[in-house]
Amino acid sequence: MSEKEIYFSEAEPSDASAFIDFMNQVARETDYLVMDETGFQFSQAEMESIFAKGMENPGELCLLAKFGSEVVGAVSVKSSSQFRISHIGNVFIAVKRAYWGHGLGTILLDEVIHWAEEMDRLKRLELTVQVRNQAAVHLYEKVGFKIEGTQVRGARTDKGEWLNLYYMGRLIGEI
């Protein structure tokens, strides 16, 4: 891959259209996401609202990796407003296929972990990943996530074949 100037920024309402394009492209490029051929189900107005609300919520982050105005990677963390689970951040990450294997996922996850440590509100990050997605499992383990369990028949392929998912978690702060 030739050198490109990639920069990172928190998602803003003006990123909604580029983010929808990004999500639809990554859905076509991989079957590791839960989206199917119907694509990303949010309108531009809905995404603008989601991004605006997320910027105001200290327990949420949506960080975009961009090349110009094109979104090439994204990571988001969402937490619940319910006190008993408000310390848990649910992580979603996706990177365009052309950028796989170049460290972009590591950078995005490192930024999320740093953000969670600095904000000192979240004490746990968690995600699910298909067992067969060994590259992603390796990435998550590299940044400190641990496999905590397996969800049997947690997803299925477009052909109806059952897929198992790993539950993975990473503690934030002192244990």
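Since we're looking at a predicted model, the values are computed, not measured.
- One N or O on the side chain of Y7 and one on the backbone of G68 form a donor-acceptor pair closer than 3.5 Å.
- Scanning both residues, P13 and M55, for their nearest heavy atoms gives CD-SD, 3.9 Å.
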side-chain contact (heavy atoms from CB on, under 4.5 Å) between K78 and I50, worked out: CA-CA 11 Å; K78 294 192 181 290; I50 289 168; 4.2 Å; yes

Chi angles and distances behind the salt bridge (charged side-chain N to carboxylate O under 4.0 Å, His left out) call for E148, R124: CA-CA 13 Å; E148 299 177 333; R124 172 183 173 78; 2.5 Å; yes

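- Listed for the N24 side chain is no donor-acceptor partner under 3.5 Å among the backbone atoms of D21.
- By the rule that hydrophobic residues join a cluster once side-chain heavy atoms approach within less than 4.5 Å of another member, I88 and W115 end up as members of separate clusters.
- By the 4.5 Å heavy-atom criterion applied to side chains, K66 and D15 are counted as neighbours.
- Here the closest heavy-atom approach between residue M168 and residue I147 is recorded as CE-CG1, 3.9 Å.
- Put simply, OG on S79 and CD on E60 are 6.5 Å apart, with the number rounded to the nearest 0.5 Å.
- When hydrophobic clusters are built by joining Ile, Leu, Val, Met, Phe, Trp and Tyr residues whose side-chain heavy atoms come closer than 4.5 Å, directly or via intermediates, I172 is not grouped with I85.
- The cluster map of Ile, Leu, Val, Met, Phe, Trp and Tyr, joined by side-chain heavy atoms under 4.5 Å apart, puts Y99 and V75 in the same cluster.
- Within a 6.0 Å radius of CD in Q82, other residues, nucleotides and ligands contribute 12 heavy atoms or fewer.
- Considering only heavy atoms from C-beta on, K146 stays 4.5 Å or farther from L171 through its side chain.
- Linking Ile, Leu, Val, Met, Phe, Trp and Tyr residues whenever their side-chain heavy atoms come within less than 4.5 Å leaves Y167 and F145 in two separate clusters.
- Summarising the geometry, atom CD1 belonging to I113 is positioned 13.0 Å from atom CD belonging to E118; distances are rounded to the nearest 0.5 Å.
- Judged by distance alone, the side chain of W100 and the main-chain N or O of V95 form a donor-acceptor pair under 3.5 Å.
- Between H87 and R84, the shortest heavy-atom contact is CE1-O, 3.3 Å.
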Stepwise side-chain contact (heavy atoms from CB on, under 4.5 Å) test for F42 and M23: CA-CA 10 Å; F42 292 96; M23 289 300 296; over 6 Å; no

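- Atoms OH and CG, on Y140 and L109 in that order, are 6.5 Å from each other to the nearest 0.5 Å.
- Summarising the geometry of A136 relative to V129, their closest heavy-atom pair is CB-CG2, 3.8 Å, with the distance given to 0.1 Å.
- We find the CG-CG distance between L122 and L61 to be 10.0 Å, quoted to the nearest 0.5 Å.
- No continuous path of hydrophobic side-chain contacts links V131 to L163 [ILVMFWY only; heavy atoms under 4.5 Å].
- Enclosure of atom OH in Y32 by more than 12 non-hydrogen atoms of other residues, nucleotides or ligands within 6.0 angstrom is indicated.
- When all heavy atoms of A94 and V26 are compared, the closest pair comes out as CB-CG2, 4.2 Å.
- The distance from the CD atom of E126 to the CG atom of N90 is 5.0 Å, given to the nearest 0.5 Å.
- Side-chain contact between E46 and I20 is absent, with no heavy-atom pair separated by less than 4.5 Å.
- Closest of all the heavy-atom pairs between P58 and R121 is CG-NH1, 3.5 Å.
- A ring-centre distance under 6.0 Å is found for F51 and F19.
- Within the 4.5 Å cutoff, side-chain heavy atoms of L125 are placed close to those of V77.
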side-chain contact (heavy atoms from CB on, under 4.5 Å) between F8 and L108, worked out: CA-CA 9 Å; F8 302 87; L108 288 167; 3.8 Å; yes

Test Q130 against R132 for side chain to side chain donor-acceptor pair (under 3.5 Å), laying out the working first. CA-CA 5 Å; Q130 293 178 19; R132 66 184 182 150; 2.6 Å; yes

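- Within the model, atoms CZ of F92 and CG of L33 stand 5.0 Å from one another, a figure rounded to the nearest 0.5 Å.
- For the pair K142/T106, a side-chain contact is recorded, criterion being any heavy-atom separation below 4.5 Å from C-beta on.
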